[in-house]
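To start, the structure itself, in structure tokens.
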Protein chains: 2
Amino acid sequence: MKLSTRGRYGLMAMYQLALEFSDEPISLKYIAEKQGLSENYLEQLFSNLKRDGLIQSVRGAQGGYILSRLPSDITVGEVLRSLEGTLAPADCVMHDFDCSKEENCVTKLVLVKIKNSIDSVVDSITLRDMVEETLNN
Amino acid sequence: MKLSTRGRYGLMAMYQLALEFSDEPISLKYIAEKQGLSENYLEQLFSNLKRDGLIQSVRGAQGGYILSRLPSDITVGEVLRSLEGTLAPADCVMHDFDCSKEENCVTKLVLVKIKNSIDSVVDSITLRDMVEETLNN
DNA sequence: TTGAAAGCCGACTGAAGTGGTTGGGATTAA
DNA sequence: TTAATCCCAACCACTTCAGTCGGCTTTCAA
């Protein structure tokens, strides 16, 4: 029931982008150093985030990445789902899943409750919230 | 962010024990058949559940397992933690973990919120709740 | 104009985790 | 005494994880 490093690292990186949000792109190298992560690995994660429209890239020297939207308009849930896939605790809780033993599966009801609870938390926190939480300390 | 089969299968098995709760032990073979699970695999899971005092075993022919407490007194959280370990979405959220970058880690605040949310859901559902949910359908 | 800085992309890899299986005990009711 | 049952440890194939590596392409700045 662990979040993989993809989700965690990606969130740390997105937080950094939010923290230094401006019209200037920020390089992967900088983010990796700032957060103590592998630049090459982060690259893979950013490809997901870009594909899902959460960040934009600027190629060439002095290039880097920028958030596609305001930090207040990007939720932790969007970031995690982009990197981890659905946050359902089991496949049978996903929309398009056809569970053969649909009836009689009380366990599924429990799993759905867990999923909803996770969703409601991560969708209620934005990158801006995270930034503000830093500033308050 | 998935629950492994350990947690899911174990919960299904415990549900079966709750459903047929009496003073007679129920054999692993029966549970495995009833829920469509591997008997040998379930065995491993039951060793955890027994170690953690959630079930008691009766050896020998006509033996099997019984819940150690009333279904209404065993929560889904206890079952899942016995099988999966802590339900924290990352190691840094566990009690005894010493995170080197303790400060400056906003991500951890988010992870803690996720953990608390999961805990409160699974600790609020008992095996009896699951049984009742079946009977209502 | 040319080199360095950056993003882009696909292949590869060692280590760990998952989801079991197998075999051989020890106990006990019938 | 035998079959049913729990107990235990080892093994295994497969997948996922957490990166690394090498070689592109694009673009700014000197």
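This one's a predicted model, so the numbers in the text were calculated from it and none came from an experiment. All chains are named by letter (A, B, ...) in the order of the sequence lines, taking the proteins before the strands, and each is independently numbered beginning at 1.
Of all heavy-atom pairs spanning B/Pro89 and B/Lys115, the tightest one is CD-CB, 3.7 Å. A pairwise comparison of heavy atoms in B/Asn48 and B/Ser82 identifies ND2-O, 2.9 Å as the closest pair. Nearest heavy atom pair, residue A/Leu111 against residue A/Ala90, reads CD1-CB, 3.7 Å. For the pair A/Ile66 and A/Asp23, the tightest heavy-atom approach, listed with the atom from each and the gap, is CD1-O, 3.5 Å.
Scored by the salt bridge (charged side-chain N to carboxylate O under 4.0 Å, His left out) test, A/Glu84 finds no partners at all (sequence neighbours excluded).
Residue A/Tyr65 is in sugar-phosphate contact alone, with no base atom involved, counting any heavy-atom pair closer than 4.0 Å across all strands shown. Residue contacts shown for A/Lys2 are absent, as no nucleic acid heavy atom lies under 4.0 Å away.
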Would you check, one step at a time, whether the test side chain to side chain contact (heavy atoms under 4.5 Å, CB included) holds for B/Lys34 with B/Glu20? CA-CA 12 Å; B/Lys34 215 52 172 160; B/Glu20 312 200 19; 3.9 Å; yes

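Whole-Å rounding puts the B/Ile31 CD1 to D/dT5 P distance at 12 Å. Computed from coordinates, the B/Tyr30 OH to D/dA4 C1' distance equals 17 Å when rounded to whole Å. Put simply, CZ on B/Phe46 is 20 Å from C1' on D/dA9, counting in whole angstrom units. Look at CG on A/Leu37: it is 11 Å from P on D/dT20, rounded to the nearest Å. Distance CZ (B/Arg51) to P (D/dC7): 14 Å, rounded to an integer number of Å. We find that CD of A/Glu24 is positioned 15 Å from C1' of D/dT27, with the value rounded to whole Å. Between the CG atom of A/Leu83 and the P atom of D/dC17 there is a distance of 12 Å, given to the nearest Å. Rounded to whole Å, atom P of C/dG7 lies 11 Å from atom CD1 of A/Ile66.
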Mark up nucleotides 18-30 of chain C, 5' to 3', with B wherever a protein heavy atom is under 4.0 angstrom from a base atom, S wherever such an atom reaches only the sugar-phosphate, and - elsewhere. -BBBB--BBBBSS

Which protein N or O atoms sit under 3.5 Å from an N or O of nucleotides 12-14 of chain D?
none

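Salt bridge status for B/Arg8 with A/Asp91: absent, with no side-chain N to carboxylate O gap under 4.0 Å.
Contact annotation: the side chain of B/Tyr65 never approaches that of B/Pro25 to less than 4.5 Å [non-hydrogen atoms, C-beta and beyond].
Here A/Ser57 reaches the OP1 or OP2 of C/dC8: one of its side-chain N or O atoms lies under 4.0 Å away. When the side-chain nitrogen and oxygen atoms of A/Lys50 are compared with OP1 and OP2 of C/dC8, one or more of them lie within a distance under 4.0 Å.
A donor-acceptor pair under 3.5 Å is absent between the side-chain atoms of A/Arg69 and the main chain of A/Ile74, judged by distance alone.
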